[in-house]
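What follows is a set of notes on a single structure, which appears directly below.
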Amino acid sequence: MPRTPRKGATTANRTAGATAPPVEGAAFGDDWWQRGVVYQVYPRSFADSNNDGVGDLPGLIEKLDYLNDGTERSLGVDAIWLSPIHPSPGFDLGYDVADYDAIDPILGTLDDFDRLVAQAHRRGIRIMLDLVMNHTSSAHRWFEESRRDPGGPFGDWYLWRDGTRDRFGRLRRPNNWTSFFGGSAWTWDEVRGQFYMHTFLPEQPDVNWRNPAVRAAMLTMARGWLDRGVDGFRLDVFNAFFKHADLPSNPRRYLGRRPYDRQVHLYDKDRPELEDFLAEFRALVDSYPGRMTVGELFSADPSLAPRLSAPRHLVFDWDLISQRWNARGFAEASRRHEEWFGPAGWPTIALSNHDQPRQASRLAPAADPATSDAVARAAAVLSLTLRGTPFLYYGEEIGARDVPIPWSEIIDPPAKRGGRLVRRLVPWWNRDQCRSPMPWGDGPNGGFSPVRPWLRMAPDVDRRNVALQDRDPSTVLATYRQLIWLRRSHPALQVGTYRELGATPRDVLAYERATSDETIVVAVNFGSAATSFRVRTGRHWSVLFSTDERPADELAGGDQLTLGSREALILAAQVRGRGSAHEVSDIADTD
Ligand code: ISL
């Protein structure tokens, strides 16, 4: 009986030599936004080439082969989304942009960026930029001009308002809006003698999207990056661009942990004018073949995502990113995706990002390393086989966990700002924990940098790093590599329909991904105990992948499927003519 080799060994064996041939047709065409896998790089934490303790673009270039060298020895991702790389005073670590047209000198130069694009493209990797257009840095020239000269060309580029006076003559803010990062959304500016509005930090003033000059400047900027060869954009908090023209106070609500949550954000985001802007912005992007966008739906009802999505233009809805580790939660989130997006719509699959806990920490809190890795590997199967474009956050491929940061070392502004009370109420408010530098291997600081990195390394870098996992076919890294390359050769896993298979044990989520030519079943046991269920089928199946060791044709003619502890299994129906897709529906039906 043929056997699939132990955990990930298939990939390792096939690709052990340095001479592994590139996989034919490894790169997708213009449909990469849908078929491909996107990898998010937090530039400061990825790879440090000049030994200053901060990751940079030349460092990323050196790691492109790790990301995709065209062979199964590499991770095999199709695109990189770079968190912001523009000059920034760093109050929100790049999400406060001081110059949209340049590169932050700490990360490199425009030449480095051009080299990155060229070298990535040579490997079939697309480059996506993170456009932060809801606000700029208060150090941006536009804001400096705007505060200095209200009547000048930039005077109306931000949301400036006079205060009001209460009956005692005290100056009051223009309305009750709160900042997402705590405190009021209005800050008094001594220079201009007015308040300005900021959804985030006072150092991140919101621009006035109703001003055609702002809109034109943003479009010109985006065009500049498209002309430079950028393949796509992530649009930071895009649903907050437009505010109600009259800036009325938001209605209060009485539930919610933070002041921001205790308002109904009727007037400071999700305004109808967004759609008109999106149409214009998307038309620009679409005029360049093969380009795409993904909008970050900020603090909104996730069911809005499909309404704002379009072919080539995705929207993060954040439903999966908040799930706990149980079959029901993931089943329901996937059901909601299907319901909201419908068969023609296209969701994103993201289990983590630079604002959220590491997935292993969220899904396997307080777990020992083996359990953490088992969950990380099963989660990898979910993120790479559920229907939608997968977005992987750097470090997830080695099963990284959140890194505890002592109070005195906290860098993340809202965490600092929130102080002890907020930290107690919202324990996950320090995003530094998920941004620690990538451990590449031996050497000081996990091989990231010979000098002290800008942020603490994980305490386990000697046991959890790329070099160690690279050599071991049973690791989280081997799992990701194997899955990504498997996905590449199975259209059903990329664009196939999704159907949940019923009557599975409580801890199991099983679903089918199918095209007219291919039917694949994924079954994930979220539980720690092995579980079995009857499979009413005599058809031939092959095991495409398992996080456990198992025979490749185990189900041929069999009728009992047993999943091991936290096992994730991918099966392919041996197609023997039409009808197999229909027959598969029986796989998980118990008698
Ligand atoms: O909703 C959230 C957490 O519950 C946030 O993570 C939310 O997505 C976020 O605050 C908005 O994020 C984006 O804009 C911010 C920046 O700090 C984040 O890093 C960025 O992803 C301001 O630009």
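None of the values given here were measured: they were computed from a predicted structure. Because only heavy atoms are used, hydrogens play no part in the values below, and waters and symmetry mates are left out as well, while side chains stay in. Atoms within each ligand, like the ligands themselves, are counted from 1 in listed order.
- Compare Y260, Y42, F180, F181 by their heavy atoms: the one nearest to atom 2 (C) of ligand 1 is in F180.
- At least one heavy atom of R234 sits less than 4.0 Å from an atom of ligand 1.
- Nearest-heavy-atom check against atom 23 (O) of ligand 1 across V132, D236, V97 picks out D236.
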Begin with the C-alpha distance, continue with both residues' side-chain angles, and end with the deciding distance and a verdict on ring pair (Phe, Tyr, Trp, His ring centres under 6.0 Å) for F180 and F298. CA-CA 10 Å; F180 188 72; F298 161 61; 4.8 Å; yes

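- Side-chain atoms of D286 never come within 3.5 Å of backbone atoms of L284 as a donor-acceptor pair (strictly under, hydrogens ignored).
- Using the six-membered ring where Trp is involved, F330 and F526 have ring planes that are tilted, between 30° and 60° apart.
- Under 4.0 Å from ligand 1, not a single heavy atom of R258 appears.
- Heavy-atom contacts of H135 reach the following atoms of ligand 1: 22 (C), 23 (O) (cutoff under 4.0 Å).
- Listed by number with element, the atoms of ligand 1 under 4.0 angstrom from any heavy atom of R431 are 16 (C), 17 (O), 18 (C), 19 (O).
- Between atom 21 (O) of ligand 1 and the options L297, N134, D412, D355, the minimum heavy-atom separation is to D355.
- The aromatic ring centroids of H354 and Y95 lie less than 6.0 Å from each other.
- Between F241 and F238, the two ring planes are perpendicular [angle over 60°; tilted spans 30° to 60°].
- If you look at Y39 and F391, their ring centroids are not closer than 6.0 Å.
- Using a cutoff of 4.0 Å between basic side-chain nitrogens and carboxylate oxygens, D355 and R435 are scored as salt-bridged.
- Listed by atom number, the atoms of ligand 1 under 4.0 Å from Q356 heavy atoms are 3 (C), 4 (O), 6 (O).
- The closest heavy-atom contact to atom 16 (C) of ligand 1, among the options V237, D96, D92, D261, comes from D92.
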